[in-house]
K.L.:
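What follows is a single structure, and I will ask about it in a moment.
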Amino acid sequence: MKRLFLSLALAVASIFSYAGTPAENLIKGLPDTKGVQVIEATGFLMKFARAAIRKTPMKPLAEQVSEVTVCKMEKADPEFISRFEGELRDTLKVYQYYGVKPGEEGRPVETYGNVPVDGVVTEIVVFNPDLHSVFSLRGRYTIEELMALDK
């Protein structure tokens, strides 16, 4: 009986550990389309992802990032981009809007985060409308750390 309970508990835990966030689910659900590039980084690949994050204004949070999902659509069909960005806007309604910030190379980006729980945000979504790219950065960020980015 204990084995059955343990097996069931592990199965449920593994299902929930693979559940994506609304932004991740949208990005990962994209059809294989010419000009659309989806990149996921976890585990060992985070070494390279953190190096890239350190070159952005998000540098102070690089070590807290545990998972990155990126969608780049610069070369996609404009009609596809328009449809995706409409879906993205709907998805972002469940996030808290943090405003427009200077992104990489000073380009303005829209920044969102999930609703904080006990003063901790577990996902930051960065949308660059000029480059048609979306970044989901999962980790544990305190409100104080996020506010320090504005300084």
Side-chain angles (χ1 to χ4, degrees), residues 8-50 52-104 107-150:
L8 183 60
L10 288 173
V12 169
S14 67
I15 289 169
F16 284 111
S17 70
Y18 288 107
T21 65
E24 285 178 331
N25 290 340
L26 177 65
I27 294 168
K28 292 176 184 179
L30 286 174
D32 190 21
T33 305
K34 184 178 178 182
V36 176
Q37 183 180 19
V38 176
I39 304 164
E40 297 177 62
T42 59
F44 176 74
L45 292 177
M46 283 305 301
K47 179 178 181 176
F48 302 105
R50 285 187 188 103
I53 293 167
R54 286 186 195 102
K55 296 176 185 176
T56 72
M58 298 287 288
K59 178 181 179 176
L61 302 180
E63 293 307 312
Q64 283 96 309
V65 180
S66 60
E67 184 177 329
V68 176
T69 305
V70 178
C71 176
K72 296 183 176 189
M73 295 179 282
E74 270 184 296
K75 299 175 183 172
D77 178 59
E79 189 175 307
F80 178 85
I81 292 171
S82 179
R83 258 193 336 269
F84 173 80
E85 288 182 357
E87 290 179 41
L88 178 64
R89 296 274 178 215
D90 286 342
T91 301
L92 291 174
K93 290 177 182 174
V94 300
Y95 290 87
Q96 190 169 341
Y97 178 67
Y98 292 136
V100 175
K101 313 281 185 199
E104 193 174 3
R107 295 183 186 108
V109 296
E110 298 175 20
T111 309
Y112 302 82
N114 65 321
V115 177
V117 176
D118 295 328
V120 175
V121 173
T122 56
E123 181 186 23
I124 297 172
V125 178
V126 179
F127 173 51
N128 185 327
D130 293 339
L131 296 179
H132 309 293
S133 60
V134 181
F135 298 78
S136 168
L137 306 164
R138 288 180 77 177
R140 294 185 52 80
Y141 320 102
T142 65
I143 299 298
E144 293 79 19
E145 290 170 326
L146 295 174
M147 290 174 63
L149 292 175
D150 285 337

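No experiment lies behind these values; they were computed from the predicted model shown.
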K.L.:
To check you understand the geometry: which heavy-atom pair defines the closest contact between L30 and C71, and what is its length?
P.N.:
CD1-SG, 3.4 Å
K.L.:
Return the set of residues passing side-chain contact (heavy atoms from CB on, under 4.5 Å) with P108 (not counting sequence neighbours), or none when no residue passes.
P.N.:
V100, D130
K.L.:
What is the minimum heavy-atom distance between P129 and F127, and which atoms define it?
P.N.:
CD-O, 3.3 Å
K.L.:
With sequence neighbours left out, what residues match K47 under salt bridge (Lys or Arg N to Asp or Glu O under 4.0 Å)?
P.N.:
none
K.L.:
Sequence neighbours left out, what pairs pass ring-ring contact (aromatic ring centres under 6.0 Å, His included) with at least one residue falling in residues 21-47?
P.N.:
F44-F48
K.L.:
If you compare all heavy atoms of I27 against all heavy atoms of V70, which two are closest, and at what distance to 0.1 Å?
P.N.:
CG2-O, 4.2 Å
K.L.:
To the nearest 0.5 Å, how far apart are CG in L26 and OG1 in T69?
P.N.:
11.5 Å
K.L.:
Hey, could you give me the CG/CD distance between L146 and Q96, rounded to the nearest 0.5 Å?
P.N.:
9.5 Å
K.L.:
Looking at residues at least two apart in the chain, or sitting in another chain, which of them share a side-chain contact (heavy atoms from CB on, under 4.5 Å) with A49?
P.N.:
A41, M46, V68
K.L.:
Mind checking what makes salt bridge (Lys or Arg N to Asp or Glu O under 4.0 Å) contact with E144, not counting sequence neighbours?
P.N.:
none
K.L.:
Return the CE to OG distance between M73 and S133, rounded to the nearest 0.5 Å.
P.N.:
7.5 Å
K.L.:
Considering only residues two or more places apart or on different chains, which pairs with a residue in residues 56-86 satisfy ring-ring contact (aromatic ring centres under 6.0 Å, His included)?
P.N.:
none
K.L.:
How many angstroms lie between CG in L61 and CD1 in I53, if you round to the nearest 0.5 Å?
P.N.:
9.0 Å
K.L.:
Answer yes or no: are there more than 12 heavy-atom neighbours, outside K101 itself, under 6.0 Å from its atom NZ?
P.N.:
yes
K.L.:
Mind checking what makes salt bridge (Lys or Arg N to Asp or Glu O under 4.0 Å) contact with E40, not counting sequence neighbours?
P.N.:
K28
K.L.:
Closest approach of A76 and V36, non-hydrogen atoms and distance?
P.N.:
CB-CG2, 3.8 Å
K.L.:
Could you tell me the separation between the CG atom of L149 and the CE atom of M58, rounded to the nearest 0.5 Å?
P.N.:
6.0 Å
K.L.:
Taking only residues two or more places apart in sequence or in another chain, which ones pass salt bridge (Lys or Arg N to Asp or Glu O under 4.0 Å) with D90?
P.N.:
K93
K.L.:
Please list all pairs meeting side-chain hydrogen bond (donor to acceptor under 3.5 Å, both in side chains) that have one or both residues in residues 54-66, counting only residues at least two apart or in different chains.
P.N.:
R54-E63, Q64-E145
K.L.:
Could you pull out all residues at least two apart from K75 that satisfy side chain to side chain donor-acceptor pair (under 3.5 Å)?
P.N.:
none
K.L.:
State the CZ-OG1 distance between R138 and T42, to the nearest 0.5 angstrom.
P.N.:
10.5 Å
K.L.:
The criterion is side chain to side chain donor-acceptor pair (under 3.5 Å); which residues satisfy it with E85, sequence neighbours excluded?
P.N.:
H132
K.L.:
Show me the side-chain donor-acceptor pairs of residues 112-126 shorter than 3.5 Å, one per line, residues at least two apart or across chains.
P.N.:
| from | atom 1 | to | atom 2 | distance (Å) |
| --- | --- | --- | --- | --- |
| Y112 | OH | R89 | NH1 | 3.4 |
| Y112 | OH | E110 | OE1 | 2.7 |
| N114 | OD1 | T122 | N | 2.9 |
| N114 | OD1 | E123 | N | 3.0 |
| N114 | ND2 | T122 | OG1 | 2.8 |
| E123 | OE1 | T21 | OG1 | 3.1 |
| E123 | OE1 | Y95 | OH | 2.6 |
| E123 | OE2 | T21 | OG1 | 2.8 |
| E123 | OE2 | S136 | OG | 2.5 |

